[in-house]
Trainee: 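Got a structure here, written out as structure tokens. Questions coming.
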Amino acid sequence: MKRCTESFTIWRDGAPIAFVAGQLVDDKHPILKSHSHLFGELEASSGHAQPARLTAVEQATADPGQPRALTPPAPAASGGAGSDGKPFDPGEHGAPDVLAYLKDADEDERARVLALEASGRKRKGILGGTGAKE
């Protein structure tokens, strides 16, 4: 069996014969002699539709009953936990990373991270000029 890949019409003895995309024809059908380029092999199927695969971002943000978002949630949305499950620690990150994290964090998370920075490295660029060192 072969499957027609695009619709076309031929005329035989003054009558149109139409072939539609997806139509199956026997391997010995005479149309295959002149139009074999318009037919393809059948693909094996188990009879069950394959589930659509979602990217990790879509899976994480397409919860039932929620509008689908195509961007990952902000780090603060996970309660301050990073990808490894530990809370964000400004001492383990450079100043640009900390500032980027603070920009997206909610008020409580921002206060927590700034308190850790004030008790740790005390970088002026993060604390706004009140810290002791850069």
Side-chain angles (χ1 to χ4, degrees):
M1 296 294 286
K2 302 279 186 176
R3 183 179 304 274
C4 184
T5 57
E6 67 180 73
S7 300
F8 66 97
T9 303
I10 62 167
W11 292 83
R12 176 152 296 161
D13 298 324
I17 301 174
F19 292 87
V20 295
Q23 180 177 344
L24 299 176
V25 297
D26 187 48
D27 286 331
K28 297 179 182 181
H29 195 288
I31 192 66
L32 294 175
K33 290 181 183 174
S34 59
H35 291 79
S36 62
H37 63 283
L38 296 173
F39 292 85
E41 296 294 325
L42 292 178
E43 295 179 15
S45 174
S46 63
H48 300 288
Q50 294 293 323
R53 303 258 184 222
L54 297 176
T55 64
V57 170
E58 289 175 318
Q59 288 176 343
T61 60
D63 294 328
Q66 298 294 320
R68 189 171 112 185
L70 296 179
T71 56
S78 61
S83 60
D84 57 358
K86 296 189 316 185
F88 184 84
D89 183 0
E92 296 175 0
H93 300 277
D97 293 336
V98 175
L99 292 171
Y101 180 82
L102 290 173
K103 182 178 135 197
D104 295 331
D106 63 22
E107 205 172 309
D108 293 336
E109 179 65 6
R110 194 174 299 119
R112 184 189 71 79
V113 171
L114 288 173
L116 283 172
E117 180 65 26
S119 66
R121 295 174 68 180
K122 299 178 178 87
R123 292 173 282 190
K124 284 191 257 179
I126 296 171
L127 297 175
T130 59
K133 65 179 185 178
E134 183 73 35

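In what follows, every heavy atom counts, from backbone to side chain, and hydrogens, waters and symmetry copies are set aside.
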Trainee: Do E117 side-chain atoms and R123 backbone N/O form a donor-acceptor pair below 3.5 Å?
Mentor: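 Side chain of E117 to backbone of R123, a donor-acceptor pair under 3.5 Å: yes, one is there.
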
Trainee: To the closest 0.5 Å, what do you measure between OH (Y101) and CG (D89)?
Mentor: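 Spacing of OH (Y101) from CG (D89) equals 10.5 Å.
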
Trainee: Looking at side-chain heavy atoms only, is the closest gap between L102 and I126 below 4.5 Å?
Mentor: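 Answer yes - side chains close enough.
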
Trainee: Which label fits F19 and F8: parallel for a plane angle under 30°, tilted from 30 to 60°, or perpendicular past 60°?
Mentor: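 Rings of F19 and F8: parallel, as their planes differ by under 30°.
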
Trainee: Output the distance between atom CZ (R112) and atom CZ (R110), rounded to the nearest 0.5 Å.
Mentor: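 These two atoms lie 12.5 Å from each other.
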
Trainee: Please answer whether the main-chain N or O of D106 pairs with a side-chain N or O of E109 as donor and acceptor at a distance below 3.5 Å.
Mentor: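 Judged by distance alone, no pair lies under 3.5 Å.
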
Trainee: Can you give me the closest heavy-atom contact between V113 and V98, atom names plus distance?
Mentor: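 Closest heavy-atom pair between V113 and V98: CG1-CG1, 4.3 Å.
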
Trainee: To the closest 0.5 Å, what do you measure between CD (E41) and OG1 (T5)?
Mentor: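 Going from the CD atom of E41 to the OG1 atom of T5 covers 11.5 Å.
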
Trainee: Going hydrophobic residue to hydrophobic residue with side-chain gaps under 4.5 angstrom, can you get from L116 over to F88?
Mentor: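 Different clusters.
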
Trainee: Looking only at heavy atoms, what is the nearest atom pair of G125 and L99, with distance?
Mentor: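 Smallest interatomic distance, heavy atoms only, reads O-CD2, 3.7 Å.
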
Trainee: Grab the two heavy atoms, one from A21 and one from S7, that are nearest each other, plus how far apart they are.
Mentor: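 Minimum heavy-atom separation between A21 and S7: N-OG, 3.0 Å.
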
Trainee: Would you say that K2 contacts L24 through its side chain, given a criterion of any heavy-atom pair below 4.5 Å between the two side chains?
Mentor: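 Of all side-chain heavy-atom pairs linking L24 with K2, none is under 4.5 Å.
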
Trainee: Would you give the length of the straight line joining atom CD of E92 to atom CZ of R121, rounded to the nearest 0.5 angstrom?
Mentor: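 If I round to the nearest 0.5 Å, the distance is 10.0 Å.
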
Trainee: Kindly indicate whether the side chain of Q23, heavy atoms from C-beta on, has any atom under 4.5 Å from the side chain of R3.
Mentor: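 Not touching, per the 4.5 Å side-chain cut-off.
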
Trainee: Under the 3.5 angstrom rule, does the side chain of D26 hit a backbone N or O of M1 as a donor-acceptor pair?
Mentor: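 No, the answer is negative, given that no donor and acceptor are paired below the 3.5 Å cut-off.
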
